[in-house]
Q: 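My questions will all concern the structure given below.
Values in this document were obtained by computation on a predicted structure and should not be read as measured data. In the text below, chain A, chain B and the rest are named by the order of the sequence lines, each starting its count at 1.
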Amino acid sequence: MVLGTYKEALSARSTDKQIQKISQDGGIVTALLSFALDEKIIDGAVVAGPGEDMWKPVPKVAMTSDEILAAAGTKYTLSPNVWTLKEAVRQYGLEKVGTVAIPCQTMGIRKMQSYPFGVRFVADKIALIVGIYCMENFPFESLRTFISEKMGVSPELVEKMDIGKGKFWVHTADETLSIPLKETHGYEQNGCNVCLDYVAELADLSTGSVGSPDGWSTVLTRTDAGDSIFKQAVEAGLIETKPMADVKPGLGLLEKLAKEKKEKNQKTIDDRIAIGLPVPYKASTEKEDPLANY
Amino acid sequence: MSETKVISPTSRQEGHAELVMEVDDEGIVTKGRYLSITPVRGLEKIVTGKAPETAPVICQRICGVCPIPHTLASVEAMDDSLGIEPPKAGKQLRELTLMAHHVNSHAIHHFLVAPDIVPEDLMVTAINSVSEIRKNAQYVVDMVAGEGIHPSDVRIGGMASNISELARKRLYTRLRALQPKVDEHVELIAGLVLDADFPEGLGSHDQPTVASDGLYGNREFFDLDRFTEVMPESWYKDPEIGKKACSTIPLYDGVSVEVGPRARAVEYRGFKEKGVVAQHIARALEMKSALSRAIAILDDLNTSAPANVGNFDVRGTGKLGKGVIEGPRGMDVHMAQVGENGKTEFYSALVPTTWNIPTMGPATEGFHHEYGPHVIRAYDPCLSCATHVIVIDDDDRSILKEDMVRL
């Protein structure tokens, strides 16, 4: 199963006009974390907040919906949210922490919960992980380099970044620029080439644009906690949904991309293992399902 | 006819020690000697030549029972050597950490002495009470200092960061709710100690008490000129014991002293009693004082104020800095000197139980040797102490060099 274990797949978006306006796609992460905070399902969330440099996010402990809203929108560089979870529990005194995480961070958090070394009384206080789909992630310097050098625009002028239709897009106040995704290859983090998880398989629920029309997100609810929070938000009228069968391009595209990532990266893993490099994954020959995430 | 009773190692304490008692025909101790047999680890040597920030991280690992006093004494010694004055909030958070630790550590001791004083039908109650208090006290240390054991956020110049307002309110509420629980616990333990049938005057001695402060510690108090250190060989007056003992003997004004909760109570709270029972009572009562102090700090703490001085110059002036902290078991002194190259040139720790070691042995005298371990445990000894070694020739086991290797 290339999408991991999930209960339900739906196309969804936030009904809040303000969230729709500033969020990346359907505003699911922002809507869900705000809802969970307002309903006291969580008492704070670690989010990728704005930092000093444009487009270089800094993990922030958000304790109000305004702070969550301020962190809306995808940043195509890493925000080390896992690093701030401990601070959220310790100095901020949170007892039910929510967070947004890309697949590798989700794996890290789950591992931390299984083996809580150095995170005594932290791992058990993570109440909600909203996972986001991720093909690859760029170090900040990479991102800055290809935006300013290849696309010829200063990152400070960029208002929104996006990946879609095989291209990397940037929107400024006056123009929309794009380069083919293959032009960005080589700029991604090295670890992204051995990652077998596209859809945050271990999150409480995962979301991202792929599979749904513009302005909507595809949501996979995975755990009881994730499923229940999502259903409550839908019932409260904060999120509207459509069945996946009714939307284009549909779940097929998500499955296709997940499979492509897994196949390509499993090959890299096999190649690296063949020349004796240490890789934290098994070779395809050692696994029953060569596309499984381990 | 005299006989020698040896208890090695003494039990229900931290570290390894030996109690050697000479007894008369009735079994009454005529000469008591208590010595540390905890092996040398060389922590003071490890931090020498390294950046000043290394010392608190390494020195807190002197012990897992009271890492907080060691961390605090270490950062305070560094602060002093580097000429840093931490901001008010930083000092308050440090003190809050120590207050919570006093409550936690004293509760641990009640667990250790439970088999001596708690009757079977109350054992579960007493242990549950200890656990409940520890859980809450450690929660404070976790949140304020970053980690319950080996706190990561106690830093040179203050604390890594202030706590959030939410955390302050949460801690305040939690500690207020803990107060009746601690009162009940103290009453229980004090009652049990009085019922325990310890003979009148057990463990009392005439050595002076030394404490730098009522609860926290004060570097101004500790006067190096009044301090001397002698080698165990000359103190124990028994070459066998002297050779075996791993700690040096610190003296204040030339005599051995008692430090710890009773010493603090005598020096700052008008406490007059002596001996085992008095030590237990003073320790239990101190939990209440520490908790009240913690609540007062939380009440006063400004969570938006800076908790540290920010960047500081690690190039020291060569001043010998002193960090004097009242640990649960007594005065903990760390001394550090940072050179102009920004490296630690000298480091020395005089830990609480080291002060008590020369006092504890003689305190067993005059009573039956079966009470010996009770006297020892009343000091709540923790023997991860300044350690001394001798260099022995591998072939004939003769002593080549009598030397001090620190901690």
Q: Report which part of B:Glu165 has an atom under 4.5 Å of a heavy atom belonging to chain A: side chain, backbone, both, or neither.
A: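 It is neither, since no heavy atom gets under 4.5 Å.
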Q: Inspect the surroundings of CG in B:Asn311 and state if more than 12 heavy atoms from other residues, nucleotides or ligands are less than 6.0 Å away.
A: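 For B:Asn311, atom CG is not crowded (no more than 12 foreign heavy atoms under 6.0 Å).
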Q: Counting only heavy atoms from other residues, nucleotides and ligands, does the tally under 6.0 Å from NE2 of B:His150 exceed 12?
A: yes
Q: Any chance CD of A:Gln18 has more than 12 other-residue heavy atoms, nucleotides or ligands included, within less than 6.0 Å?
A: no
Q: Which distance, rounded to the nearest 0.5 Å, do you find between the OG of B:Ser164 and the CE of A:Met63?
A: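 The OG atom of B:Ser164 sits 4.5 Å away from the CE atom of A:Met63.
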Q: Please check if the number of heavy atoms outside B:Phe111 that lie under 6.0 Å from its CZ is greater than 12.
A: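 It does not: B:Phe111 CZ has 12 such atoms or fewer within range.
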Q: Find the distance between CZ (A:Arg120) and CD (B:Glu147) and round it off to the nearest 0.5 Å.
A: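 Between A:Arg120 CZ and B:Glu147 CD, I get 6.5 Å after rounding to 0.5 Å.
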Q: Chain A heavy atoms under 4.5 Å from B:Asp153: which part of the residue, side chain, backbone, both or neither?
A: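 B:Asp153 touches chain A through side-chain heavy atoms alone.
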Q: What is the distance from atom CG of A:Leu94 to atom CZ of B:Arg170, rounded to the nearest 0.5 Å?
A: 6.5 Å
Q: Inspect the surroundings of NZ in A:Lys111 and state if more than 12 heavy atoms from other residues, nucleotides or ligands are less than 6.0 Å away.
A: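 For A:Lys111, atom NZ is not crowded (no more than 12 foreign heavy atoms under 6.0 Å).
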Q: Does NZ in B:Lys181 sit with more than 12 non-hydrogen atoms of other residues, nucleotides or ligands closer than 6.0 Å?
A: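 Yes - once you tally the heavy atoms of other residues, nucleotides and ligands closer than 6.0 Å, there are more than 12.
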Q: Look at atom NZ of B:Lys50 and say whether more than 12 heavy atoms of other residues, nucleotides or ligands are closer to it than 6.0 Å.
A: yes
Q: Please classify the contact between A:Glu87 and chain B as side chain, backbone, both or neither, with a heavy-atom cut-off of under 4.5 Å.
A: neither
Q: Rounded to the nearest 0.5 Å, how far does CZ of A:Phe121 lie from CD of B:Gln138?
A: 8.0 Å
Q: For the atom pair OH (B:Tyr139) and CD (A:Glu95), what is the distance rounded to the nearest 0.5 Å?
A: 4.0 Å
Q: With the threshold set at 4.0 Å, does a side-chain nitrogen-carboxylate oxygen contact exist between B:Asp142 and A:Lys86?
A: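 The answer is no: the pair does not qualify as a salt bridge.
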Q: At a 4.5 Å cut-off on heavy atoms, which part of A:Val89 comes close to chain B: side chain, backbone, both, or neither?
A: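 Backbone only.
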